[in-house]
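So the structure is just underneath, and the comments pick up after that.
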Amino acid sequence: MGPDTIDVSHYPPAQQKNYALFLERCSRCHTAARAINSRIITQEDWQHFVSLMHGRLLSRSMSEPWKLEEGRAIIDFLAFDSEARKLAHSQEFQDLQTRLAERFKEVQKEKAGRSKDQPVKPSAPYTGDKP
């Protein structure tokens with residue numbers, strides 16, 4: 001939920017390049033909104049998070065993992081962006097987080113309401129471990 005792009009036109013050219021790399025690499029497995037709207041802020045926390053994602057790619061052979069220098073560029077962008085949007089404009093970011101939390105609750109209610117109206121399929125009887 002939330003925006004899946006950022007206006008980086010006022011960011012330094014190197015960070016604009018890193019943003020493009022972030023979109024290319026990270027959007028292979030999940031929406032960019034996941035990181036953009038995350039409460040993660042510090043360089044160290046982004047390092048940990050990006051390392052987890054890299055490990056997940058390696059362990060699941062889901063996609064070609066990024067190179068070390070690409071990972072550093074992604075982390076550098078995420079930390080820079082966190083400073084620029086989440087800390088420098090903390091009230092705006094907090095307001096966004098509040099709206100996202102409210103929207104999430106609404107979506108959960110909608111899902112619960114839809115599943116309540118769905119017929120329950122009977123489960124297959126247990127036949128034991130014998131063939």
Side-chain angles (χ1 to χ4, degrees):
M1 287 192 195
D4 62 352
T5 59
I6 304 169
D7 176 11
V8 296
S9 61
H10 59 287
Y11 284 11
Q15 293 301 346
Q16 291 179 25
K17 183 179 174 184
N18 291 346
Y19 174 63
L21 178 65
F22 156 74
L23 288 178
E24 179 204 337
R25 293 298 189 172
C26 299
S27 296
R28 290 179 180 177
C29 299
H30 55 76
T31 69
R34 180 180 233 169
I36 289 171
N37 301 300
S38 167
R39 291 187 171 140
I40 298 172
I41 294 176
T42 68
Q43 179 97 16
E44 294 78 20
D45 288 341
W46 280 120
Q47 171 71 42
H48 176 74
F49 184 78
V50 171
S51 295
L52 286 174
M53 296 299 103
H54 189 262
R56 195 170 284 169
L57 285 172
L58 288 172
S59 69
R60 297 180 183 170
S61 301
M62 295 169 55
S63 177
E64 179 184 332
W66 49 82
K67 297 176 183 131
L68 184 60
E69 63 273 6
E70 291 175 323
R72 287 187 184 130
I74 291 168
I75 293 163
D76 189 46
F77 166 75
L78 290 168
F80 179 88
D81 176 65
S82 292
E83 182 75 32
R85 282 186 320 110
K86 299 174 185 179
L87 294 178
H89 301 278
S90 61
Q91 188 58 54
E92 291 173 33
F93 185 70
Q94 185 57 46
D95 292 345
L96 171 65
Q97 291 293 308
T98 300
R99 288 191 309 273
L100 290 175
E102 289 169 0
R103 179 65 186 130
F104 183 75
K105 287 179 187 175
E106 291 171 14
V107 169
Q108 293 302 93
K109 277 185 183 178
E110 291 170 14
K111 284 183 178 180
R114 284 195 307 266
S115 67
K116 189 169 50 174
D117 297 334
Q118 297 293 320
V120 177
K121 296 179 184 177
S123 62
Y126 178 71
T127 58
D129 295 334
K130 297 179 182 175

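For reference, positions follow the sequence shown, starting with 1. All of these numbers come straight from a predicted model, not from anything done at the bench.
With sequence neighbours left out, the ring pair (Phe, Tyr, Trp, His ring centres under 6.0 Å) criterion links F77 to Y19, F22. Not counting sequence neighbours, the partners of R99 by the side chain to side chain contact (heavy atoms under 4.5 Å, CB included) test are D95, L96. Under the side chain to side chain donor-acceptor pair (under 3.5 Å) criterion, Q43 pairs with no residue at all, not counting sequence neighbours. Applying the side chain to side chain donor-acceptor pair (under 3.5 Å) test to Q16 and every residue at least two apart in sequence or in another chain returns nothing. Remark: E24 pairs with L21, R28 by the side chain to side chain contact (heavy atoms under 4.5 Å, CB included) rule, at least two apart or across chains. Residues satisfying the side chain to side chain donor-acceptor pair (under 3.5 Å) criterion with S38, sequence neighbours excluded, are absent altogether. Not counting sequence neighbours, the partners of E106 by the side chain to side chain donor-acceptor pair (under 3.5 Å) test are R103. Here Y11 pairs with F80 under the ring pair (Phe, Tyr, Trp, His ring centres under 6.0 Å) rule; sequence neighbours left out. Evaluation of the side chain to side chain contact (heavy atoms under 4.5 Å, CB included) rule for E102 yields T98 as partners, not counting sequence neighbours.
Neither L68 nor W46 shares a network with the other; the hydrophobic side chains, linked directly or stepwise wherever heavy atoms of I, L, V, M, F, W or Y lie under 4.5 Å apart, form separate groups for each.
Closest heavy-atom contact between A35 and L78: CB-CD2, 4.1 Å. Nearest heavy-atom pair across D76 and N18 is OD2-ND2, 3.6 Å. Pairing each heavy atom of G2 with each of A33, the nearest pair is O-CB, 3.8 Å.
Side chain of N37 to backbone of Q97: no donor-acceptor contact under 3.5 angstrom is found. Not a single donor-acceptor pair under 3.5 Å links the side chain of Q15 to the backbone N or O of P12. Between the Q47 side chain and the R72 main chain, no donor and acceptor come within less than 3.5 Å of each other.
Atom CD1 of I75 sits about 11.5 Å away from atom NE2 of H48, to the nearest 0.5 Å. For the atom pair D45 CG and R39 CZ, the distance stands at 13.5 Å (nearest 0.5 Å). I36 CD1 to T31 OG1: the interatomic distance, rounded to the nearest 0.5 Å, is 8.0 Å.
In this structure, I41 shares a hydrophobic cluster with L87, the cluster being traced through Ile, Leu, Val, Met, Phe, Trp and Tyr side chains under 4.5 angstrom apart.
Here ring-ring contact (aromatic ring centres under 6.0 Å, His included) pairs that include residues 25-45, with residues two or more places apart or in two chains, number zero. Residue pairs meeting the salt bridge (charged side-chain N to carboxylate O under 4.0 Å, His left out) criterion with at least one member in residues 78-88, sequence neighbours excluded, are D81-R85.
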